[in-house]
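The structure appears right after this line, and notes come after that.
Below, chains carry the letters A, B, ... as their sequence lines are ordered, and counting in each starts from 1. Predicted, not measured: the structure shown is a model, and the values here were computed from it.
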There are 2 protein chains.
Amino acid sequence: MQLPTEAELEILNILWALGPSTVRDVHTASEKETGYTTVLKQMQVMAEKGLLKRSERYRSHVYEARIAKEQTQRQLARNLVRRAFDGSAKNLVLGALSSQKVTAADLAEIRRMLDEYEKRPL
Amino acid sequence: MQLPTEAELEILNILWALGPSTVRDVHTASEKETGYTTVLKQMQVMAEKGLLKRSERYRSHVYEARIAKEQTQRQLARNLVRRAFDGSAKNLVLGALSSQKVTAADLAEIRRMLDEYEKRPL
DNA sequence: GTATGTCAACGATTATTTTCGTACTTTTTT
DNA sequence: AAAAAAGTACGAAAATAATCGTTGACATAC
């Protein structure tokens, strides 16, 4: 599968949050100051690439992400691990920890995830 | 700071591994089938951007990464967290785990890192 | 039924990144 | 000293990504 570009990821994030939406919806929800036709074109391209599914049943087309958020996240994480962390997920975990504020609750949940993982790797 | 592009990251990885090197060194070490002048130009651009430091003392210039590997990794991780993981490092950790094979030894080391982190957050 | 507004299609433009060919300079070899 | 080898500089082409303007289709309101 091909990884989404920067602008595409922004659109995917909106679609994941809103669910199936029109171009207008996405454009309105976007933080960026980009024009309507820009978003339209981008979503059309994404549909061609297979990143989005388009329903033409209605007056204005309704787009929907074709890939699940979690799957895309995994792929982005895998890609970054490969490119910048010498293939070591461990290093990325360290990088993730050191890159952000992580609360005690987060730490607890991460430990829980580790336990889960140990019992049943994905 | 500005994040390195794909090709730039490849060069940085080589420089981090080899230490200060000439263009020839980097070109030889590279997996990619790209021409010598391509690498040269890229490293010149990177020097302009401030990503590399250039020493002109010798016959062939010697380049060196201006940013530490760990710092760049942190920034890449932070960037990815922001763009694709709703700002939650926890989610990236999960993504990292599910994206790769992680050994028992890795898990142990991750746990150790968590303990470290809890004692003295970065 | 004509005017107004909303939308998709399409092409074109701009910006950025990646790549390479050519020319010029400096060494090294013969 | 001429030829060959190894470098850098420079410009420009090719590829990719992002943006927008214009046009025509289709509704809805008047």
Side-chain angles (χ1 to χ4, degrees), chain A residues 1-15 18 20-64 67 72 75-76 79-80 83-84, chain B residues 1-15 18 20-65 67 72 75-76 79-80 82-84:
Chain A
M1 201 254 293
Q2 102 148 292
L3 292 175
T5 67
E6 177 68 28
E8 287 171 349
L9 185 56
E10 164 107 17
I11 288 173
L12 284 173
N13 273 320
I14 293 173
L15 286 176
L18 300 185
S21 310
T22 65
V23 174
R24 168 89 29 216
D25 293 336
V26 172
H27 177 247
T28 302
S30 171
E31 314 263 310
K32 294 208 296 183
E33 303 260 326
T34 166
Y36 172 85
T37 56
T38 302
V39 177
L40 168 64
K41 181 65 165 185
Q42 222 135 27
M43 291 173 72
Q44 286 171 344
V45 170
M46 289 171 76
E48 277 175 27
K49 287 189 189 174
L51 263 53
L52 303 185
K53 190 167 60 181
R54 177 167 68 183
S55 157
E56 307 187 357
R57 274 172 298 170
Y58 312 103
R59 166 75 176 91
S60 49
H61 301 173
V62 173
Y63 292 84
E64 180 180 356
I67 36 175
T72 303
Q75 258 150 358
L76 288 168
N79 181 259
L80 186 59
R83 291 189 311 144
Chain B
M1 203 251 292
Q2 107 147 289
L3 292 175
T5 67
E6 177 68 29
E8 287 173 348
L9 185 56
E10 164 105 19
I11 289 173
L12 283 173
N13 273 321
I14 294 173
L15 287 176
L18 300 186
S21 310
T22 65
V23 173
R24 169 107 2 232
D25 294 335
V26 172
H27 178 247
T28 302
S30 172
E31 314 263 308
K32 294 207 297 184
E33 303 260 324
T34 165
Y36 173 84
T37 57
T38 301
V39 178
L40 167 66
K41 180 65 165 186
Q42 224 136 27
M43 291 174 71
Q44 286 171 343
V45 169
M46 290 172 76
E48 277 174 26
K49 287 189 187 175
L51 262 54
L52 302 185
K53 189 166 61 179
R54 176 166 69 182
S55 157
E56 306 188 358
R57 275 173 298 171
Y58 312 104
R59 166 73 177 92
S60 50
H61 299 173
V62 173
Y63 292 83
E64 181 180 355
I67 36 177
T72 303
Q75 258 150 359
L76 289 168
N79 182 258
L80 187 60
R82 185 175 50 70
R83 290 190 310 146

Do other residues, nucleotides or ligands put more than 12 heavy atoms under 6.0 Å from A/K53 NZ?
-> no
Does a nitrogen or oxygen in the side chain of A/Q44 sit under 4.0 Å from OP1 or OP2 of C/dA8?
-> no
Heavy-atom closest pair (B/L52 atom, B/A65 atom, distance to 0.1 Å) is CD2-CA, 3.8 Å
Counting only side-chain N and O atoms of B/T5, is one of them less than 4.0 Å from OP1 or OP2 of C/dT18?
-> yes
Can you tell me how far C1' of D/dA18 sits from CG of A/L9, to the nearest Å?
-> 15 Å
Which nucleotides of nucleotides 21-30 of chain C have their base under 4.0 Å from a protein heavy atom (B), which only their sugar-phosphate (S), and which neither (-), written as one string 5' to 3'?
-> BB---BS---
Could you tell me whether B/E6 contacts a base, only the sugar-phosphate backbone, or nothing, with contacts defined as non-hydrogen atoms closer than 4.0 Å?
-> sugar-phosphate
Reckon B/S60 has a side-chain N or O less than 4.0 Å from the OP1 or OP2 of D/dA6?
-> no
Expressed in angstrom and rounded to an integer, what is the separation of A/E48 atom CD from D/dT16 atom C1'?
-> 15 Å
Could you tell me which non-hydrogen atom of A/K32 sits nearest to which non-hydrogen atom of A/A7, and how far apart they are?
-> NZ-CB, 4.1 Å
Give the rounded distance in Å between these two atoms: CD of B/E10 and P of C/dT18.
-> 11 Å
Separation of C/dT16 atom C1' from B/Q2 atom CD, nearest Å, is 11 Å
Look at the side chain of B/L40 and decide which nucleotide, out of D/dT8, C/dT17, D/dC20, has an atom nearest to it.
-> D/dT8
Check the side chains of A/D25 and A/T28 for a donor-acceptor pair under 3.5 angstrom, ignoring hydrogens and angles.
-> no
Atom CD of B/Q42 to atom C1' of D/dA14: distance rounded to whole Å?
-> 14 Å
Let me know the distance between CE of A/M43 and P of C/dC10, rounded to the nearest Å.
-> 17 Å
Side-chain N or O of A/Y36 less than 4.0 angstrom from OP1 or OP2 on C/dA8?
-> yes
Nearest heavy-atom contact between B/V23 and B/Y36 is CG1-CE1, 3.6 Å
B/E56, CD atom: more than 12 neighbouring heavy atoms under 6.0 Å = yes
Using a 4.5 Å cut-off on heavy atoms from C-beta on, say whether the side chain of A/S30 contacts that of A/I14.
-> yes
Grab the CE-C1' distance between A/M46 and D/dT16 for me, whole Å please.
-> 16 Å
Return no unless some side-chain N or O of A/R54 is found under 4.0 Å from OP1 or OP2 of C/dA9.
-> yes
Find the distance B/H27:NE2 to C/dT18:P and express it as a whole number of Å.
-> 16 Å
